[in-house]
Amino acid sequence: MTEFRLYMAQRLSALVMAPFVLVHIGVMIYAIQGGLTAAEILGRTQGSVFWFAFYGLFVVAVSIHASIGLRTILGEWAGLRGGARDAVSALIGVGLFAMGATAVWAVTA
Amino acid sequence: MPGQDQGQDHLTVTVMRGGSDAPQRPEAFQVPAYDNQTVLDVVSWIQQNTDPTLTYRFACRVGMCGSCAMMVNGVPRWTCRTHVNKVLRDGALEVGPLRNLPVIKDLAADMDPFFDKWVAAEGRHHPTRSRDDDIAPIDPAGDDRQAASAGIECINCSICYSACDTVAGNPDYLGPAALQRAWTLFNDAKDDSRDAILDAVSGKGGCHSCHSMGSCTTYCPNDLDPLSAIAGLKRATVKRAFGGRK
Amino acid sequence: MRVSRAHPLWLAYVLHRLSGLGLALFLPLHFWVLSYALNDAARLDAFLTLTDMPVVKAAEFGLVFLLAVHFFGGLRLLALEWLPWSAPQKTWAAAAVAGSFLVSTTFLLQAI
Amino acid sequence: MFTTKDIDRHDTDILILGTGGAGLFAALHAKQTAPEGTKVTIAVKGLIGKSGCTRMVQGGYNVAVGHGDSVERHFMDTIEGGKWLPDQDMAWRLCEQAVVRIRELENEIGCFFDRNGDGTLHQKAFAGQTADRTVHKGDLTGIEIINRLMEQVLSRDVEKLQEHRAIGLIPTKDGSALAGVLMIDMRTGRFRLVRAKTVLMATGGGPTMYKYHTPSGDKTMDGLAMALRAGLPLRDMEMVQFHPTGLLAGDHTRMTGTVLEEGLRGAGGQLVNHSGQRFMFDYDAKGERATRDVVSRGIYAEMRKTNNPEQEGVFISMAHLGPDLVAEKFKGMVKRCADCGFDLAGGKVEVVPTAHYFMGGVVVDVDTRTAMEGLYVAGEDAGGAHGSNRLGGNGVANSTVYGGIAGDVMGRDVAGFGLRAPDEDVLEAELARACHPFSRTPGLVLPLRKQLQEAMWDEVGVMRTETGLKRGLTRIATVSDALMDVGVAADNLAFNLTWHDWLNLRSLFDVSEVITKAALARENSRGAHYREDFPEPGAMEDSYFTVARQVNGTVEVGREDVQFTIVRPGETVLPEGAPETLVAAQ
Ligand SMILES: Cc1cc2nc3c(=O)[nH]c(=O)nc-3n(C[C@H](O)[C@H](O)[C@H](O)COP(=O)(O)OP(=O)(O)OC[C@H]3O[C@@H](n4cnc5c(N)ncnc54)[C@H](O)[C@@H]3O)c2cc1C
Ligand code: HEM
Ligand code: SF4
Ligand code: F3S
Ligand code: FES
């Protein structure tokens with residue numbers, strides 16, 4: 001992956017997340033007002049194609065976005081270079097995606 | 001010792017000594033204070049009067065050559081045009097070699113990496129005409145020319161390069177001055193190699209590594225704005241990726 | 001030698017980076033909590049009741065704060081890089097921080 | 001302590017000393033004309049392109065392109081400005097080639113010079129010009145020229161020896177040709193002999209032996225001192241150009257002597273003495289707008305009248321033009337003064353004439369060749385093109401034109417030469433010379449430099465007399481002897497500036513003596529050289545120039561007649577009926 005592609009991927013995934021973040025914050029505020037229970041959350045989300053797609057895309061975008069971001073930080077602040085850095089950040093991306101996917105499955109399936 | 005006459009005000013100056021073979025260590029000097037005194041004068045005074053082995057670099061002494069830049073109280077500055085009063089903290093000065101470059105000795109940094117990157121960013125004119133042709137008529141007020149002219153007065157002092165934490169963390173990063181030069185050329189109607197320029201700044205350590213932290217623009221002694229120039233390059237590469245042409 | 005570089009754009013950069021890092025560290029935790037629902041809704045419930053505790057509230061406030069800071073900082077960056085304006089960037093940095101404070105305080109007020 | 005065995009040896013094909021306009025252009029042209037595979041090396045006392053004076057050019061570059069101007073007119077202005085002393089063939093070549101060079105700078109090197117609204121080059125007229133001729137980039141023309149040249153050179157296959165100081169020209173045993181150049185690698189303090197088939201000396205002169213001077217700190221006449229020792233003839237050595245308005249800020253600051261730009265006077269800036277009186281009209285009908293030499297003498301005379309040790313200079317005052325207007329029109333200059341604590345826009349700034357440019361130099365032909373095979377000289381190191389006075393804007397034209405020519409000529413000549421064996425005796429002598437201070441007790445070099453600068457300013461400065469010049473010779477000799485007793489500690493020679501200060505001063509002493517002797521030899525007043533005891537210029541028809549040479553360790557100055565190869569005094573090469581001047585009356 002060239003630096004430019006990574007750059008584009010990070011910016012585009014950020015753009016994708018922008019509306020999600022707003023909605024997500026909104027939902028959280030709304031939910032917290034009434035105090036959250038598992039049933040409330042799950043009741044709203046389970047079986048909903050909309051929320052599945054919503055959080056699913058969110059997870060895809062965030063895994064891409066965060067792994068690229070961490071790759072930069074690993075390079076600049078942890079002095080990691082070359083293949084090692086790419087491998088670690090790819091792993092982080094995959095890990096985030098796996099955990100995220102499980103979570104989305106849990107709340108929407 | 002001459003200059004250290006009684007009763008005169010003195011500055012306490014801490015200078016970083018050492019270099020490639022000797023570890024860096026601070027050394028303190030007392031230097032007489034004068035009305036019109038630049039940081040370069042202070043450093044020169046030490047070498048000329050107290051410690052003949054102190055190494056520093058200067059040439060023009062009027063802010064044109066960009067040879068005299070050093071860290072002054074933690075900030076990179078052109079020392080020939082920095083009045084001591086402007087930077088003095090509690091009567092004290094701390095002077096060191098430019099950050100982010102190898103130190104040759106004491107206050108003299110090795111500027112080669114800075115210039116190697118200038119070249120790597122395609123920071124040179126790619127001609128469309130020759131000495132046998134007339135000089136191209138160019139509207140000085142045109143948008144392209146304005147954009148090119150904005151960064152043209154860079155004196156390659158490396159202050160921005162020293163100020164930038166991305167340079168500090170990423171040895172491949174071309175740095176603000178080289179990228180600004182590339183942007184200037186990209187906007188120059190006379191330049192032949194716009195694609196080559198974008199290629200050169202899209203690789204490892206290219207413009208996409210910049211985090212817009214703006215220390216370059218904040219500390220450039222000539223009030224240039226590499227931050228915006230680099231943003232311009234990012235925009236141009238994105239445009240190109242979407243099939244846009246300049 | 002100590003380097004001094006505290007100026008608005010640099011602070012905005014550090015803030016953006018630290019918030020991004022914070023979010024990235026929090027995210028796995030968040031996912032893990034949600035996955036609880038898969039096998040035991042009650043366990044999730046038990047955890048969620050903790051949100052009434054001040055410590056957890058504070059942590060949550062912090063997270064939303066991070067998200068807001070990072071979100072506005074990110075938008076600021078995208079605007080700065082992709083829109084051809086340039087001059088009043090400092091105002092942008094300031095506005096981003098202000099905006100994030102606004103959002104997170106609303107959240108805090110709502111939550112109480 | 002050092003023997004010739006301690007010298008690192010290094011070979012190349014084409015060696016260039018200095019990276020001003022002359023050196024950088026030579027490198028580019030040598031790469032263009034030399035046979036494939038020729039090795040080109042540049043050695044410079046500072047960093048490539050960052051040292052020297054070409055970078056400091058403010059006003060601009062003289063070239064006859066447009067506004068009805070012609071090479072003939074540029075040439076006539078140059079000859080008349082130089083008071084008929086220039087070598088006419090050199091001056092002609094300068095004016096003619098400048099036209100090509102400016103197109104090369106714009107089209108191939110990538111400079112951008114200021115344009116008019118319609119896109120054509122903007123040109124203005126410096127004092128002494130009869131056409132709007134000076135091409136410029138704001139008032140930072142030199143930065144644009146040198147940065148563009150520098151990046152072209154950096155991106156080519158040229159060997160770089162930065163912070164390498166040339167200290168001696170080493171000829172072959174029979175002395176007829178140059179074998180190589182002895183240098184100090186300043187960063188390590190080691191000696192290095194670089195042999196080359198052809199060598200360009202472009203170290204840029206630089207009259208920094210005066211109390212007030214404008215050139216960059218790395219310029220200390222090393223080139224001319226080396227040429228002198230190598231027995232080469234030097235011409236016009238009495239011709240030191242003073243800029244009338246150098247900043248006066250005390251002798252503890254390096255700012256003192258730096259130029260306050262010409263344009264300030266052009267725009268209506270006033271020179272006032274300590275009683276607040278304007279005085280330039282007492283000396284010339286054009287007042288502050290007279291040429292550099294006239295204004296410099298006016299200021300000097302006024303300073304002498306005041307004779308107040310507390311208040312040495314005079315003042316330049318701009319405030320009457322409106323501080324806001326001044327701040328806007330002279331932004332760079334006002335900022336520079338403000339950085340140093342002076343208010344140029346609203347207050348007044350103390351100024352003094354300051355040594356600016358050296359017209360004298362090595363005798364060369366129009367192809368930059370010298371009397372020594374393999375050695376070429378261009379730029380401020382070469383004499384002849386300007387005669388007794390250099391027009392503003394002709395300096396950078398000269399260095400870029402002749403630098404390029406040198407590159408072309410060396411590129412062609414190099415094929416016919418081989419590497420030559422150096423005269424080891426000369427090598428040993430040069431080495432010993434550079435090591436001399438290690439054998440003495442370490443002391444301060446600076447006070448001696450100040451003494452030399454005082455002596456040159458007092459006795460060999462803006463106005464000269466026989467008694468003064470003779471006194472000057474004695475003063476120079478006394479301090480020069482004193483320098484030989486001041487040592488430098490040899491325990492750490494890596495980047496040892498104090499050693500280089502010592503060597504700088506050595507060069508300055510040697511050339512100061514030549515300047516003084518040449519000034520004694522010229523018994524009339526022309527251009528930059530003014531003898532109070534011989535105030536008349538003498539008949540133009542009988543113009544002579546001085547030629548100085550070191551013979552058996554002593555400097556001898558002779559006179560040679562100017563050859564009017566193109567035009568005779570009283571005549572012109574302009575077509576009949578051509579107007580006196582094309583510059584609209586100010
Ligand atoms: C403040 C100022 C303003 C000027 N403005 C104008 C103007 O507006 N128009 C104009 O036409 N002219 C102007 N001039 C004059 C002009 O700059 C010079 O005439 C011209 O640039 C000289 O070019 P050069 O290449 O010969 O020397 P320089 O550009 O001075 O270069 C000399 C080089 O030689 C190197 N060097 C010196 N000694 C050694 C050594 N021992 N070993 C190795 N390298 C050495 C130096 O480091 C430097 O790189 C100005 C000069 C000054 C000082
Ligand atoms: C919609 C919301 C978001 C936007 C607009 C956004 C935007 C950005 C941008 C533009 C960058 C690049 C910064 C740079 O290169 O200097 C970035 C970096 C980063 N982001 Fe985000 N981001 C968002 C959400 C997130 C989330 C949810 C996370 C956490 C998981 C995150 C983690 C990171 C990290 C770790 C970095 C690297 C920081 C750095 O390089 O300094 N981002 N973000
Ligand atoms: S952009 Fe400014 S700080 Fe950077 S090298 Fe150029 S002049 Fe110096
Ligand atoms: S300081 Fe560095 S990160 Fe970019 S905006 Fe300037 S180059
Ligand atoms: S000495 Fe040239 S910029 Fe300071």
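Values below: every heavy atom of this structure, side chains too, minus hydrogens, waters and symmetry copies. Residue numbers start from 1 in every chain, and the chains themselves are labelled A, B, ... in the order their sequence lines are given, proteins ahead of strands.
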- Task: Walk me through it: do C:Tyr13 and C:Leu77 pass the test side chain to side chain contact (heavy atoms under 4.5 Å, CB included)?
- Result: CA-CA 9 Å; C:Tyr13 146 79; C:Leu77 275 174; over 6 Å; no

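- If you measure heavy-atom distances from A:Val104 to chain C, you find no contacts under 4.5 Å at all.
- With chain C as partner, the option from A:Ala103, A:Ser67, A:Ala66, A:Gly69 having the largest number of non-hydrogen pairs under 4.5 angstrom is A:Ala103.
- Only the side chain of A:Tyr7 comes within less than 4.5 Å of a heavy atom of chain C; its backbone N, CA, C and O stay farther away.
- Pairing each heavy atom of A:Ala61 with each of A:Met17, the nearest pair is CB-CG, 3.6 Å.
- Of the two parts of A:Ile92, neither the backbone nor the side chain holds a non-hydrogen atom closer than 4.5 Å to a non-hydrogen atom of chain C.
- The aromatic rings of A:Phe54 and A:Phe50 lie tilted to each other, with the angle between the two planes from 30° to 60°.
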- Please test A:Arg81 against A:Glu76 for salt bridge (Lys or Arg N to Asp or Glu O under 4.0 Å), starting from the C-alpha separation and ending with a verdict. CA-CA 9 Å; A:Arg81 311 242 165 275; A:Glu76 290 179 18; over 6 Å; no

- Message: Walk me through whether C:Leu21 and A:Leu70 qualify under side chain to side chain contact (heavy atoms under 4.5 Å, CB included).
- Response: CA-CA 7 Å; C:Leu21 197 57; A:Leu70 290 173; 3.6 Å; yes

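- Using a 4.5 Å cut-off between heavy atoms, A:Gln10 does not touch chain C at all.
- Contacts of A:Leu96 with chain C are made by both backbone and side-chain atoms, with heavy-atom separations under 4.5 Å.
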